[in-house]
Colleague: 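Below is a structure I'd like to ask you about.
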Amino acid sequence: MARIDLDNIRHAYMPAPKRDEDFALKRVHHTFDDGGAYALLGPSGCGKTTLLNIMSGLLRPTEGKILFDGRDVTGLSTEERNIAQVFQFPVVYDTMTVYDNLAFPLRNRGVAADEIDRRVTETLAMIGLAERARQKARGLTADDKQKIALGRGLVRSDVSAILFDEPLTVIDPHMKWVLRSQLKELHRRFSFTMVYVTHDQTEALTFADQVVVMNEGEIVQIGTPEELFERPNHTFVGYFIGSPGMNVLPVVLDGAVARIGSHVMTLPGATGPVGAQRTELGIRPEYVRIGREGIPVTVERVEDVGRRKIVHASIDGHPLAAIVPEDEAVPAEPHVRFEPAGINVYADSWRMDLGEAS
Ligand code: ADP
Ligand code: MG
């Protein structure tokens with residue numbers, strides 16, 4: 001396994017790119033630690049596959065370098081980098097049996113027959129295909145084929161890293177959950193460096209120790225699921241993670257005071273001088289308290305979601321969601337308060353330091 005450094009990577013699919021918009025990856029500078037379990041999370045089209053293909057060597061970046069354990073591999077092929085990659089749609093050898101599909105990459109590398117048998121048998125059990133070992137891949141369903149592709153990614157123990165590109169897209173929801181837990185278990189046992197691409201926050205948050213959130217060709221935050229929830233670095237992370245996502249309200253900042261429309265509230269700390277075009281306050285629905293005190297709101301509708309209710313309200317026309325326990329009534333003249341621990345402020349979409357000590 002290897003530590004992977006992405007050194008000032010930029011990538012454009014067009015020749016002679018000039019402006020930032022010409023780049024599918026604007027600038028990525030990041031280290032994936034040896035043995036880490038990472039998720040690359042972001043909406044469709046943000047550059048996840050591009051970044052993964054640059055790491056594996058399928059794509060050569062327009063600018064920048066890739067280092068494996070400090071060695072420059074930018075010019076090396078996937079094979080030379082010794083990477084296992086599992087794609088979104090199954091790539092299998094139709095005419096081979098399930099067993100041979102998994103044995104193939106090991107035979108290619110001259111692994112001893114008894115070792116091949118041991119690893120293939122173990123991997124087949126893990127992906128739930130032991131009973132189909134002797135069947136030809138051709139006749140299998142799309143999700144069985146994807147399990148084979150997953151198995152091929154997992155069967156080798158000597159790879160530098162295993163890269164997964166939305167590998168469970170075609171798998172049914174229950175099996176998805178099973179396979180994801182197994183990947184996590186595998187990571188615990190063998191400490192592979194794993195990078196798992198997904199646009200699904202649940203998948204990212206359950207699989208990874210570190211989640212790399214991407215938007216429009218850039219990494220906007222890297223953190224544990226908890227950090228992404230509590231301290232979104234960028235309003236995009238706030239929206240994208242959580243259900244519903246973080247509320248973002250336009251505010252005017254003045255030291256430790258924020259003005260929301262005609263209302264005033266005190267912040268948990270003071271901001272320094274603000275040179276930004278746009279300042280906002282971020283508060284997750286989990287930290288909004290509805291009661292008789294605070295800032296008056298208009299309740300638009302209440303949505304029942306099991307043991308909780310989502311109250312959709314507005315402050316001076318700006319939408320605001322709050323999560324309240326199922327049995328809590330919304331008062332006739334509702335007001336809201338924000339838990340200080342949940343307050344973040346943003347200047348031009350990036351989080352500002354509130355001088356946490358004060
Ligand atoms: P994701 O995997 O996050 O959905 P991609 O990395 O596939 O995103 O794509 C990032 C951007 O690059 C998108 O705007 C996409 O249209 C563009 N793109 C991807 N592949 C190609 C390609 N082969 N040629 C031209 N543009 C591409
Ligand atoms: Mg993709």
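Read the numbers this way: they start at 1 and go in the same order the structure lists the ligands and their atoms. By convention here, the first residue in the shown sequence is residue 1.
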Colleague: Are P232 and F240 side-chain neighbours, meaning at least one heavy-atom pair lies under 4.5 Å?
Modeller: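 No. Closest side-chain heavy atoms not under 4.5 Å.
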
Colleague: Between F229 and R284, is there a cation-pi geometry (under 6.0 Å to ring centre, at most 45° from the normal)?
Modeller: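 Relative to the ring axis of F229, which defines the angle, R284 lies inside both limits.
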
Colleague: Can you tell me how far the CE atom of M55 sits from the CD1 atom of I4, to the nearest 0.5 Å?
Modeller: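 Atom-to-atom, M55:CE and I4:CD1 are 4.0 Å apart.
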
Colleague: Measure the acute angle between the ring planes of W177 and H174, then classify it against the limits of 30° and 60° as parallel, tilted or perpendicular.
Modeller: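 Answer is parallel, since the angle falls under 30°.
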
Colleague: So which protein heavy atom does atom 7 (O) of ligand 1 come closest to, and at what separation?
Modeller: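 Residue, atom and distance for the closest contact: T49 CB, 3.8 Å.
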
Colleague: Considering heavy atoms of the protein only, find what lies nearest to atom 6 (O) of ligand 1 and give residue, atom and distance to 0.1 Å.
Modeller: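 Result: T50 OG1, 2.5 Å.
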
Colleague: Rounded to the nearest 0.5 Å, what's the gap from CG on L320 to CD1 on I315? Could you check?
Modeller: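 With rounding to 0.5 Å, CG (L320) is 5.0 Å from CD1 (I315).
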
Colleague: Might you check, step by step, whether the distance between atom 15 (C) of ligand 1 and some protein heavy atom is under 4.0 Å?
Modeller: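 No, because not a single protein heavy atom sits under 4.0 Å from atom 15 (C) of ligand 1.
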
Colleague: Return the residue, atom name and 0.1 Å-rounded distance of the protein heavy atom closest to atom 18 (N) of ligand 1.
Modeller: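 For atom 18 (N) of ligand 1, the nearest protein heavy atom comes out as Y13 CE1, 3.4 Å.
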
Colleague: With the side chain counted from C-beta on, respond yes when L25 and M214 share a heavy-atom pair under 4.5 Å apart, and no when they do not.
Modeller: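 Side chain of L25 against side chain of M214, heavy atoms only: contact under 4.5 Å found.
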
Colleague: Out of all atoms in ligand 1, which are within 4.0 Å of some heavy atom of A24? Include the element for each.
Modeller: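 Contacts of ligand 1 toward A24, numbered from 1: 11 (C), 12 (O).
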
Colleague: Tell me whether ligand 1 is touched by C46 - counting only heavy atoms on the residue side and a distance under 4.0 Å.
Modeller: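 Yes.
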
Colleague: Which heavy atom of the protein is the closest neighbour of atom 8 (O) of ligand 1, given with residue, atom name and distance?
Modeller: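 Closest protein heavy atom to atom 8 (O) of ligand 1: G47 N, 3.2 Å.
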
Colleague: Report yes or no: does Q88 have an N/O/S atom closer than 2.8 Å to the Mg ion (ligand 2)?
Modeller: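 Not a single backbone or side-chain N, O or S atom of Q88 is under 2.8 Å from the Mg ion (ligand 2).
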
Colleague: Answer yes if the side chains of S56 and R81 hold a donor-acceptor pair under 3.5 Å, and no otherwise.
Modeller: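 Note: S56 and R81 side chains miss the donor-acceptor criterion.
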
Colleague: In terms of residue, atom name and distance, what is the protein heavy atom nearest to atom 4 (O) of ligand 1?
Modeller: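 Result: G45 N, 2.7 Å.
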
